[in-house]
2 protein chains.
Amino acid sequence: MAGQASFERGLRILSAVADAGDTTVEAVAAKLGIPVSSTYRYFRQLRELGFVQEDAGLYRPGRALLSLSGRHLTQSHLAEVGTAVLKDIVDTVGETAVMVIRVGTRAMCLRRVEPDKAIKYTFAVNELLPLSAGAGPRALLAWAPADVVRQVLDGGLPRFTDNTPTAEQLQSSLAQIRTSGWVVSRGELDPGAVSVAVPVMFDGEAVCALNVAGPESRCGSRTWLNNTLKTMNEAAENLAASLGTLAGQGTTRRYTTQEAGDDAAHSA
Amino acid sequence: MAGQASFERGLRILSAVADAGDTTVEAVAAKLGIPVSSTYRYFRQLRELGFVQEDAGLYRPGRALLSLSGRHLTQSHLAEVGTAVLKDIVDTVGETAVMVIRVGTRAMCLRRVEPDKAIKYTFAVNELLPLSAGAGPRALLAWAPADVVRQVLDGGLPRFTDNTPTAEQLQSSLAQIRTSGWVVSRGELDPGAVSVAVPVMFDGEAVCALNVAGPESRCGSRTWLNNTLKTMNEAAENLAASLGTLAGQGTTRRYTTQEAGDDAAHSA
DNA sequence: ACAGCGATTCTCATTCTGCGGGAATACAGT
DNA sequence: ACTGTATTCCCGCAGAATGAGAATCGCTGT
């Protein structure tokens, strides 16, 4: 009666993964009554198209799903949950923490939380910045698509201080950033400021970056850097996890938006 | 090379609609190079499954897409954008405005904005309430799935005041609410309080409800009710529109989350 | 090295679905 | 009645999807 049987099947499988958030091929096959062998075929394609991501036999929603529902929703979520995450960071680290996203070939600070101190780093919220200078922007650049990187490198890099990186320095640092998973910048935008950033990775993509910055006097030491990075990595992981539908095992704290639900009915 | 050709095709079509936000069958067919006749076949199925909604030849993302990306994201978005919407309402109406969502067989206040007045109605945020009493909850109930309605009716209705509706009153009011598109409650939860609510409809489903409440002394008149409803309906429409990816024609004010982007690259 | 095991991909004969150009229908506007 | 646009129908067949089972892959433990 319907036609398009295989398409519908595929969508059901996709929905199943989106609902479960963290499931196996067999589980889905069983739930939907589809032969395992066929289910694998669908999963493969879903994976290739980025709708699901796989990790050690466990499948969860992929980035393509996020873009399906629009940047709007994703950004709302980041802004919403991000505030709580940033507050936690500030509580632990005691320096300004911000969340930056990439907008085309620019970076933008989406959320900011400041510590209760006289001397602190202050970011402008909602203003477009170059991707080339500062820890947060550079973290975004490191995971940006190749064409964006090229545009930034070719577009002429603005210089703010003597420490602002040049095109060569920048280019060579990107690969290293991807390897280490974090960036530190010393006085690239403002003299005397130290800034650390980590990306929030979701299915291989940097959805946004967390950035902590403060005066060199307080943030210059290696131990400070290590402690801060530890806090930030934890935060980034939580934030990334909150993008996956609901997921399962709670490692550390989990940031969700209400989702109190547990009553009965879920209205498909 | 891939196999599952039709599935991939369907997903591409779905993505196209999600991206465009407001498009026609022909446009998608042209863009993807798929025969119109086949494209219609996919659209029909997508519509039947709720992934797209159609209105006068224009197609836009449907509710199933929202549930694909998880209640999380949707709720984050509502909470995020909702605050601005509520503020506008409070500015215009001068009474407490809240946003309530349905959680299983309960209602919950997700966001609250209060006017700067000594006497005002105060809602508890993040607490579960019955769906049976009060304007907001009842608006949600009116559009809830049948099994939820049954559960609520059969579950024994708590009584708060003499005006708290009984099961019979409740049941008969639901159809009327669906027709009129709004609810008013007078002293159902608290004596002397008037409460008005409208649902935020997205593709035939009540995603949440907006609720304005205040003392009878200020909110008793028919003109007040009319003016308030006008404001609320506008707000509800804006909120619903913000759930569609980005959509096009701006009627009144449009609430979006940043989405500044315009530079080049959008990284698929 | 080997066995054991679960996850994943491959194989392939058979079934039957999706395909798409074009006709038919529906419906609004004039 | 006529024009245009949106949508569904029609229909024979190429070829896609199917699924049981075998074959691989990648482990871990011994």
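Here the structure is a predicted model, which means the values were calculated and not measured.
For dG20(C), the OP1/OP2 oxygens have a side-chain nitrogen or oxygen of S38(B) closer than 4.0 Å. The side chain of Y40(A) places no N or O atom within less than 4.0 Å of a non-bridging phosphate oxygen (OP1 or OP2) of dT18(D).
We find that E8(A) and R12(A) are joined by a salt bridge, their nearest charged nitrogen and carboxylate oxygen being less than 4.0 Å apart.
Nucleotide dT8(D) holds its P atom 12 Å from the CG atom of L46(B), rounded to whole Å. What separates CD of Q45(A) from C1' of dA16(D) is a distance of 12 Å, to the nearest Å. dT7(D) atom P lies 9 Å from atom CD of E26(B), rounded to whole Å. Rounded to an integer number of Å, the gap from CD of Q4(B) to P of dT9(C) is 13 Å. Atom pair F43(A):CZ and dA7(C):C1' shows a separation of 13 Å (rounding to whole Å applied). Counting to the nearest Å, the P atom of dT18(D) and the CZ atom of R44(A) are 13 Å from each other. Look at CD1 on I34(A): it is 12 Å from C1' on dA17(D), rounded to the nearest Å. For D55(B) and dT7(D), the CG to P distance is 11 Å, given to the nearest whole Å.
Remark on DNA chain C: of its neighbouring residues F7(A) and Y59(A), the 5'-side contact belongs to Y59(A), judged by nearest-heavy-atom nucleotide.
Taking the six-membered ring where the residue is Trp, Y42(B) and F7(A) present perpendicular rings, their angle passing 60° and hence far from 30°.
Residue contacts for S6(B): at a heavy-atom cut-off of 4.0 Å it reaches the sugar-phosphate backbone alone, with no base atom in range. Across all strands, R9(A) comes closer than 4.0 Å only to sugar-phosphate atoms, never to a base (heavy-atom distances).
Residue R41(A) places its side chain closer to dA17(D) than to any other of dA17(D), dT8(C), dG20(C). Of the candidate nucleotides dT9(C), dT8(C), dC19(C), dC19(C) has the atom lying nearest to any side-chain atom of Y42(B).
In plain terms, the two heavy atoms of S6(B) and S6(A) that are nearest each other are OG-OG, 2.9 Å.
Proximity of P145(A) to E205(A): side-chain heavy atoms (C-beta onward) are nowhere separated by under 4.5 Å.
Contacts of T223(B) classified as side chain to side chain donor-acceptor pair (under 3.5 Å), with partners at least two apart in sequence or in another chain: S221(B).
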